[in-house]
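Encoded as structure tokens, the structure appears first; notes follow it.
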Amino acid sequence: MQVQLKKDNEYVPHIAKLIKKTQMTEKETLFEFMFEEPEIRDLFTYNPGQFVQVSIFGIGEAPFSISSTPTRKGVIELGIRKTGDVTEAIHALEVGARSGIRGPYGNGFPMNKMKGHNLLFVAGGIGLVPLRSVINYVADRRDDYGKVTIFYGACLPEERVFVDEIEKVWPNIPDFEVHQTVDECHTTWQGNVGVVTTLFSVCAVDSANTMALICGPPVMYKFVVRDLLKLGFARDEILLSLERRMKCGIGKCAHCQVGHKLTCMDGPVFTYFEAERLMESI
Amino acid sequence: MRYVKISKENTYKFLEHLKATGALYAPQKISDRFYDFCAISDVHDVEFEYDRTIRPPRRFFHLPDEKMFNFDMTRHELTPVKTQAEHIILFGVHSCDIVGLRIMDAEFLDEQKDSYYETRRKKGIIIGLSCLPDEYCFCNVRRIEFVDAGFDLFFHELPDGFLVRVGTVTGHKLVDPHPELFEEVSADDTKNMELFEEKRSSMFSIYGNWDNLRYFLELRMDHPMYDRESEICLGCGNCTLTCPTCRCYDVKDLPAINQVNGERVRFWDSCQFRSHGLVAGDHNFRATKKDRFFNRYHCKNAYCPETTTSYCVGCGRCTYFCPAEINFKRNLMEIAGYRGAV
């Protein structure tokens, strides 16, 4: 089986093998892919917040945020919810199965610009998938960034993803603080109950020299942004990762268009300054 | 720029030569009301005085449907499709459509080139043709009624032929082998071009400059026009399919019946369709017809950095071909408060 490097046609994916599947919740599983060709495996790098297009030939192609960090080379981790044709087919893959991957696409988070800043992460549900890439990147380059505060909200405790890292790994990293909440009360849940913005009253956030990174369901953005503005965050200190139906990933098909911006090229990470003017963006 | 003159009779001879160079497409009447760019067998069928073609010229480079590559689902082998490229000569392209192609170039031939488009576009020869506006045209307020780039040759109507502007080296190569067909431009010819331009300018139904339109659109996002007009809209997508600068496409895998082979294809899509803004989990970013209607108004009036003009080139197709008779020009004028005939 030999697939040539086809750099002249960006639409043709490279073949990658599924090397590990870890079920996280009823609907979400973490998939670890590795490119078959060693050359591509070496060349492939990305910026936290970027996405790839995954193909299941015969079913279709869909965009997924990369959940791993480029500081840990070798595999691409994708946290995927079973929700449509392509994701169902990915969930049905067995370890060792092949699929197509092309990318990375999009801008990702401004890792250089964020250097020296404190970081506040606000994630809802599987919005943690792209933010996990940034969090682990920061963990691996701890000296480059200031204090890290993570707010994570989910509907139910059993719907939380990356629970091991949230509860065991990240709280033990120097200057990392993690707060969780769930929307609905649950007998086994000892923590905070309420939407993710209720964590602003649980943990005092200082907006000085801090950048906020937000990703979650569409309904979340408006409320989180409102609270951040109240806390004194400037519009360009609030970074939002937006979701759209990217078909091409390279600014051609225009499915991910928001106002006059393309999520796949100008985003998916936008500052609130940019996103505020875009109709239907948040 | 180089200027030459050609008589009407010699124009037909020139079209014969073009036919020998590659696939020649030019406007033809296809029904009572409609014209289209058609493959030309008899050069006398070419319509020199047409209003607008139902299908925009972008379809020659960004095909309505296109096979992207073949795949083998069991062995996971991919075979790219070799894009066929013969010379495509478009004769009789109006300035609005020339800017439309320049906008398509800006989007498809940027740093992330679209290889399918690029292969065809490189083989494309664009020959412009002057025109007189009807009540649907508003290219003048879009600043594109007279183009200075994006064509190999441009034919300006004279009483006894055409004054031809040679825009590119390719254009020279089309003219040079046929000295018997072309003559020098005389002072009278230039005067006649001036008179044509004067007549043309006087025929537009509106005047001015719509560069501030996008700001009025942003300032009046909740204008009642959107409710009123989107209520009438059928959501058929004619406006986007006929638009010379719409480029949305969707992608699909088509497995063969043997469940082994298959092909990935892409095909034109429309932001007016419900599926356009649909994402996983049944969330739709443009769930209502009004959302989709609104999106088109804002998308078309954003600015293309390469041409420094709006994506709408004022060709009038979206109004002319709208089965619900929604008047794009009039609706925009209403939002911005522009005066003039609609």
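Letters A, B, ... mirror the listed sequences (proteins, then strands); counts begin at 1. Heavy atoms only: backbone and side chains are in, while hydrogens, waters and symmetry mates are out.
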For this session: For residues B:F216 and B:I335, report the shortest heavy-atom separation together with the two atoms involved.
Result: O-CG2, 4.1 Å
Exercise. Based on non-hydrogen pairs under 4.5 Å, which of B:H62, B:E107, B:R247 is most in contact with chain A?
Worked result: B:R247
For this session: Sort A:I56 into side chain, backbone, both or neither according to what part of it lies under 4.5 angstrom from a heavy atom of chain B.
Result: backbone
Seminar exercise, completed: In this structure, NZ of B:K289 is separated from CZ of B:F293 (nearest 0.5 Å) by 9.5 Å
Problem set entry | Contacts with chain A made by residues 253-268 of chain B (heavy-atom distance under 4.5 Å), listed by residue number | B:D253, B:P255, B:R264, B:R266
For this session: Examine the side chains of B:N212 and B:Y338 and answer whether a donor and an acceptor come within less than 3.5 Å of each other.
Result: yes
Exercise. What distance separates A:H255 NE2 from B:D269 CG, expressed to the nearest 0.5 Å?
Worked result: 3.5 Å
Exercise. Which heavy atom of B:Y311 sits nearest a heavy atom of B:P305, and at what distance?
Worked result: OH-CD, 4.1 Å
Problem set entry | Minimum side-chain heavy-atom gap B:F61-B:L90 below 4.5 Å | yes
Seminar exercise, completed: For A:S67 and A:G79 the tightest heavy-atom approach is CB-N, 4.1 Å
Problem set entry | Minimum heavy-atom distance A:S133-A:Y46, with the two atoms named | OG-CE1, 4.4 Å
Exercise. From A:I90 CD1 over to A:D85 CG, what is the distance, rounded to the nearest 0.5 angstrom?
Worked result: 11.0 Å
For this session: Check each atom of B:D250 against the heavy atoms of chain A and say whether the ones under 4.5 Å are side chain, backbone, both or neither.
Result: both
Problem set entry | Nearest-0.5 Å distance, CZ of residue B:R214 to CG of residue B:N301 | 10.0 Å
Seminar exercise, completed: Residues of residues 114-124 of chain B with a heavy atom under 4.5 Å from any heavy atom of chain A, in residue-number order, are B:D114, B:S115, B:Y116
For this session: With a 4.5 Å heavy-atom cut-off (strictly below), which parts of residues 66-73 of chain B touch chain A? List them by number.
Result: B:M68, B:F69, B:F71, B:M73
Problem set entry | Residue part contacting chain A, namely of B:H283, when any heavy atom lies under 4.5 Å | side chain
Exercise. Could you walk me through whether B:R102 and B:E306 pass the salt bridge (Lys or Arg N to Asp or Glu O under 4.0 Å) check?
Worked result: CA-CA 8 Å; B:R102 287 188 64 202; B:E306 279 76 5; over 6 Å; no
Exercise. More than 12 non-hydrogen atoms from neighbouring residues, nucleotides or ligands closer than 6.0 Å to CD on B:E231, yes or no?
Worked result: no
Exercise. Between A:I250 and chain B, which part of the residue has a heavy atom less than 4.5 Å away: side chain, backbone, both or neither?
Worked result: both
Seminar exercise, completed: The interface call for A:S55 against chain B, heavy-atom contacts under 4.5 Å, is both
Seminar exercise, completed: Applying salt bridge (charged side-chain N to carboxylate O under 4.0 Å, His left out) to A:E243 and not counting sequence neighbours gives none
For this session: Using only heavy-atom distances, determine whether the side chains of B:K300 and B:S310 contain a donor-acceptor pair under 3.5 Å.
Result: no
Exercise. Is the backbone N or O of A:T25 less than 3.5 Å from a side-chain atom of A:Q23, with the two atoms forming a donor-acceptor pair by type?
Worked result: yes
Problem set entry | Geometric cation-pi criterion, A:R102 with A:Y11: 6.0 Å, 45° | no
